[in-house]
Protein chains: 2
Amino acid sequence: MSLEKNADGGPGRPAPGRVEDVRRGNLVRVLASLAKARSDPDMHPTRADLAARTGLTKASVSSLVAELVDAGLVAESGAARDGERGRPGVALELSNRRGVVGMEINVDYISAGLLDLGGTLRIHRTLESSNRGESPESVMTLLAGLVSDIAAEASAAGIVILGGGLAVPGLVDATSGTVDSAPNLHWRGVALELGRLLPAAPFGTVLHNEANCAALGELWYGHGLDFHDYLFVSGEVGVGGGLVIGSELFAGPRGQAGEVGHMVVEPSGPDCSCGGHGCLETFAGQEAIFSEAGIPPGTASVRLAGLREQLASGDSAAISAVARAGHYLGIAAASTARLMNLSAVVLGGHFTQMGPWITPAVVRSLADYSPGVVSPDRVAVSELGQSAALLGAAGSSLRSVLAAPFSLTPAG
Amino acid sequence: MSLEKNADGGPGRPAPGRVEDVRRGNLVRVLASLAKARSDPDMHPTRADLAARTGLTKASVSSLVAELVDAGLVAESGAARDGERGRPGVALELSNRRGVVGMEINVDYISAGLLDLGGTLRIHRTLESSNRGESPESVMTLLAGLVSDIAAEASAAGIVILGGGLAVPGLVDATSGTVDSAPNLHWRGVALELGRLLPAAPFGTVLHNEANCAALGELWYGHGLDFHDYLFVSGEVGVGGGLVIGSELFAGPRGQAGEVGHMVVEPSGPDCSCGGHGCLETFAGQEAIFSEAGIPPGTASVRLAGLREQLASGDSAAISAVARAGHYLGIAAASTARLMNLSAVVLGGHFTQMGPWITPAVVRSLADYSPGVVSPDRVAVSELGQSAALLGAAGSSLRSVLAAPFSLTPAG
DNA sequence: GCATATAGTTCAGATTGAAAACTAATTGAT
DNA sequence: ATCAATTAGTTTTCAATCTGAACTATATGC
C-alpha cells in the first residue's frame with residue numbers, strides 16, 4: 001500500500017541495503033522466534049526447530065545462534081528430549097544473564113525493577129515518595145540510588161544490564177530525554193539526566209510517557225495476550241490512555257497520542273483545565289469522581305481508599321459518581337472504537353479499584369452508543385496494578401535489545 | 001520500540017532474509033528516489049545523483065537501474081545538462097509508458113481514469129449512472145465497459161496497464177474483494193468480480209473504501225503536500241473519514257478505521273441509523289443538513305444545488321443548518337485531534353460545497369473545545385472535488401507497483 | 001549390534017554490494 | 001587546437017552471506 005519507510009536513504013537515515021543487513025535481519029528473526037517460543041511453555045526450541053520456523057537453513061541458524069551466544073543474548077540450556085528417536089537437539093533460550101531495568105517516577109512513589117531477557121521480573125522495588133513539586137534533581141537522585149541498588153544485586157547474580165526505560169506521568173520527548181510537561185509533578189520543560197541511571201548499559205535509558213507504558217505493560221504482560229486491538233484507559237489524576245492496534249502501541253505523529261481524557265463527551269459540560277469543556281476528564285478524573293462522591297480532600301491514596309469503602313458499603317453518592325464516570329468513559333470509548341475500529345477496552349489506573357462498579361456502566365454505555373462494536377466480554381480491568389507502567393518501560397527496552405542485537409555483537 | 005514486523009517468518013509470511021532480498025529492497029529504494037524527485041520540478045535525477053541520494057555506490061545503482069529499465073518501469077530521458085563541467089549524466093524518470101487505473105463506483109456515477117507512473121492523470125472518464133439499488137453485476141458490467149475503453153486508449157498510446165484500484169462507498173474486505181456493506185448502494189456481502197476489470201494487469205485490481213481513497217487522494221495530490229497529520233472528513237450520504245498520520249493513511253486493524261460519522265458528539269442527540277444516538281452523522285450527514293435547512297426531497301445533487309443557492313442568498317435556515325453541522329464536526333475533530341495528536345482537518349465530499357459557511361463554524365468549535373491544538377489555518381477544504389477517491393485508488397495501485405518492482409523483473 | 005532417524009557442522013556455489021580502477025564525455029584554460 | 005580538470009558511468013576484484021548437499025554426531029528400537 002505504501003512505500004517502505006525511509007526508502008530514500010537520505011541524510012540521517014539508516015544505511016542502505018548492504019549484504020550485511022541480511023544477517024542483521026536474520027539475527028532479529030532468530031531472537032523473535034526464541035521470544036515467541038517462550039510464551040509457548042514446555043517448548044524448547046533447538047537450532048533445527050528454529051530453522052524450520054524461520055525458513056532459514058540449519059547452516060544459517062547455527063551460525064546466527066553462535067553469534068548470539070557469543071554476544072551473551074542466547075544460552076544453551078541442556079538437551080531437548082522429546083522421546084523420538086534420533087540425535088537430541090540442544091535447547092536454546094534467551095539468556096537470563098542479561099536484563100533490562102524498568103523505572104517509574106509517579107506522584108506518590110518511585111519504583112524500579114529488573115526484567116531478564118526471558119521476560120521474568122527478577123527484582124521489583126517501590127519507594128514511597130511525595131514527588132509533587134519536588135525538584136527533578138532530587139527525585140532523580142533518589143531514583144538513581146534505587147537503581148544502583150538493583151544494579152548491584154543484578155551484578156551479584158551475574159546478570160548484565162543492557163538498557164532501561166523510565167516512565168513519567170506527563171508528555172515527554174523521548175529523543176531529547178525531556179519532560180515537556182508533567183502537571184501532577186509540577187514539572188515543565190525539564191531535561192532529565194538519564195545518563196546517571198544506568199551509566200554502563202549499552203542501550204542507555206529511554207524516557208516514556210507513563211500512560212503509554214501502562215498500555216504497553218498491559219499489552220505484553222496483561223490482557224494484550226488476548227486482545228490485539230484495544231483502548232487502554234488509565235485513570236490517574238488525569239485520564240490518560242493508550243491505543244493498541246495490531247498488538248502495537250499507536251503512538252501518534254509525535255509520540256503523544258492517547259489523550260482520551262480530553263475527548264469531548266458532553267458539549268455543554270463543565271470547563272476543563274485544558275481550556276476546553278465537556279472533556280472526559282471532567283467526569284472521570286480523580287477530582288471529578290471524588291467530589292461527586294463527596295469524598296473529603298486529602299491525598300490521592302487516602303481518598304481512593306475512602307471511595308472503595310463507600311462503594312463496598314453501598315453508598316449511593318459514590319456509586320452514582322462512579323457510574324457517571326463509567327457512562328462517559330463508555331461514550332469516549334464508543335467514539336474511539338468507531339473511529340479506529342477497535343474491539344476492546346481495558347481499564348487501568350484508579351479504575352482498577354472500581355472494577356465491579358464501573359465496568360457495567362461502561363458496558364451499558366458502549367451498547368447504547370455503538371451497539372455491536374465492543375462486546376461486553378471485551379471490556380476488562382487491568383490486573384497488573386501499579387506495575388503496568390514499569391513492565392511497559394522495561395519491556396520496551398527489552399524489545400529494543402531484541403530488535404538490534406547486532407549492536408552487541410563483535411562485528412558491531 | 002517494537003520488533004520488526006513479521007520477524008518470525010512463520011507460514012504465510014514473506015520469505016526469510018536471503019541475499020536476494022537486499023536487491024529487492026534496493027530496487028524499491030531507487031524507485032522511491034525517482035518518485036520523490038518528481039515532486040521537485042526541474043530536477044532530473046541521473047544514476048550518479050541516485051547513488052548520492054540513496055547511499056548506494058554508482059556501480060550498484062547502474063545495475064539496479066538497468067534492471068528497472070528492462071522491466072519498463074524506468075526510462076532514460078535525454079541528457080541532464082547543468083552547465084557544470086564534466087561528462088553530462090543521463091536523466092532518468094519513472095516511465096510514462098506504464099500506468100495504473102483508478103476506478104470509482106458511487107451512488108450517482110461511475111468513473112475511471114489512467115494514471116501514469118509519473119503520477120500524471122492521462123485519462124479521466126465519468127459516467128452518470130443511478131446505482132442505488134442496482135445489482136452489483138450490472139454496475140460491474142457498466143464499469144468493465146468504461147475500463148475497457150480506457151485500456152484500449154492506453155494501448156493505442158503505448159501505455160501498459162499494471163494494476164488498478166476500485167473505490168466503493170462502503171465497508172470492504174480488500175483481501176477477498178467483498179463489499180461487506182454499502183448502505184447507499186443497498187449492497188451487502190457482495191463479492192465483486194474484480195478480475196473482470198483489468199484481466200491483463202499483473203498487479204490486478206484492489207478494492208478500497210471510498211472515504212479512505214478520498215483521504216489518500218487528498219494526501220498524495222491535495223493538501224497532503226502541506227499537512228502530514230490530519231483528519232479528512234468526507235461528507236456523502238453518510239459522513240466518512242480518513243486518518244492520515246505521518247503522511248500515511250491509518251487504516252485500523254481491519255482496514256476500516258475512520259468512521260468519524262458515528263463518533264458521539266451529543267449524548268442526548270437523536271437516534272442514528274447505526275443503532276446509537278448523537279452520532280455526528282445525525283447532524284452533519286446530507287439528510288440532517290437538508291432537512292434542517294428546509295430543502296425539499298429530491299436527488300442529492302439537486303438538493304445540494306438548492307442548498308448552495310440558499311446559502312448564497314443568505315437564507316438563515318440554510319446558514320444555521322450548515323453552522324450546526326460545522327459545530328458538531330468541530331467537536332468530533334477536537335476529540336480526534338486530542339486522541340491521536342493530529343494538527344489539521346481537511347473537509348471533503350459535500351462539505352467542499354459549503355466551504356465558506358462551514359469552515360468558520362468548525363474553526364470556532366475547535367478553538368472552543370480543544371484550544372491550541374488545531375490552528376485556524378490548518379482547517380482546509382479539499383480542492384480535488386469528485387476526483388479525490390479515484391486519484392486515491394489509482395495512487396494506491398501505483399504505490400504497490402513501486403513497492404514491489406521485482407515482481408515485474410525477469411528474475412521474478 | 002545395527003538400521004533408522006534426527007541434530008548439527010562443513011564446504012562449495014551463487015548473489016550481491018563496496019571499493020577502486022578504469023573509460024567516457026564535457027568544460028575551460030592555455 | 002590541445003590538454004588538464006571534472007564529472008558520469010562501467011568493469012573488476014573482493015568480502016559477506018545465504019543455500020544446498022554432503023558429512024558427522026547421537027539418539028531410539030528392533
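These figures come from a predicted structure and were not determined experimentally. The analysis underlying the following values was restricted to heavy atoms, covering all of them including side chains, and did not include hydrogens, waters or symmetry mates. In what follows, chains carry the letters A, B, and so on, assigned in the order in which the sequence lines appear, proteins first and then strands, with residues in each chain numbered from 1.
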Q.
Determine whether A:E248 and A:R399 satisfy the following criterion, salt bridge (Lys or Arg N to Asp or Glu O under 4.0 Å), listing intermediate values before the conclusion.
A. CA-CA 12 Å; A:E248 286 189 24; A:R399 276 156 185 81; over 6 Å; no
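Residues satisfying the salt bridge (charged side-chain N to carboxylate O under 4.0 Å, His left out) test with B:R87, not counting sequence neighbours, are none. In this view, B:H44 satisfies the side-chain hydrogen bond (donor to acceptor under 3.5 Å, both in side chains) rule with no residue, not counting sequence neighbours. Remark: A:R85 pairs with no residue by the side-chain hydrogen bond (donor to acceptor under 3.5 Å, both in side chains) rule, at least two apart or across chains. With sequence neighbours excluded, the residues that form a side-chain hydrogen bond (donor to acceptor under 3.5 Å, both in side chains) with B:S176 are B:D173, B:T178.
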Within the sub-3.5 Å range, which N or O atoms of nucleotides 10-13 of chain D have a protein N or O partner, and how far apart are they?
{"unit_1": "D:dT10", "atom_1": "OP2", "unit_2": "B:S62", "atom_2": "OG", "d": "2.1"}

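Closest to the side chain of A:T46, out of D:dT26, C:dT26, C:dG8, is C:dG8. Closest approach to the A:R85 side chain among C:dA7, C:dT4, D:dT19 is made by C:dT4 (side chain taken as heavy atoms from C-beta onward). Of the candidates D:dG9, C:dG17, D:dT17, D:dG9 carries the atom nearest the B:V90 side chain, counting heavy atoms from C-beta on. In the set C:dT16, D:dA27, D:dT19, D:dA27 carries the atom at the smallest distance from any side-chain atom of A:P88.
The nearest heavy atom of DNA chain C to A:D49 and to A:V19 marks one nucleotide each, and the one closer to the 5' end goes with A:D49. The residue among A:G86 and A:S60 whose nearest nucleotide of DNA chain D lies closer to the 5′ end is A:S60.
As a whole-Å value, the separation of B:L27 CG from C:dT15 C1' is 13 Å. Taking atom CG of A:L50 as the reference point, atom C1' of C:dG8 lies 13 Å away to the nearest angstrom. What separates CD of B:E67 from P of C:dT15 is a distance of 12 Å, to the nearest Å. Atom CD of B:E20 is separated from atom P of C:dG13 by 17 Å (rounded to the nearest Å). A straight line from CZ of B:R29 to P of C:dT16 spans 15 Å, rounded to a whole angstrom. In this structure, A:L64 atom CG and D:dT17 atom P are separated by 9 Å, rounded to whole Å. Rounded to whole angstrom, the span from the NE2 atom of A:H44 across to the C1' atom of C:dA7 amounts to 17 Å.
Between the side chains of B:N26 and B:R23, no donor-acceptor pair of N or O atoms lies under 3.5 Å.
For D:dC18, one of the phosphate oxygens OP1 or OP2 lies less than 4.0 angstrom from a side-chain nitrogen or oxygen of A:N26. Proximity of B:T57 to the phosphate of C:dG17: no side-chain N or O atom is located under 4.0 Å from OP1 or OP2. A sub-4.0 Å separation between OP1 or OP2 of D:dC18 and a side-chain N or O of A:R23 is present.
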Side-chain donor/acceptor pairs under 3.5 Å, residues 156-164 of chain A, sequence neighbours excluded:
none

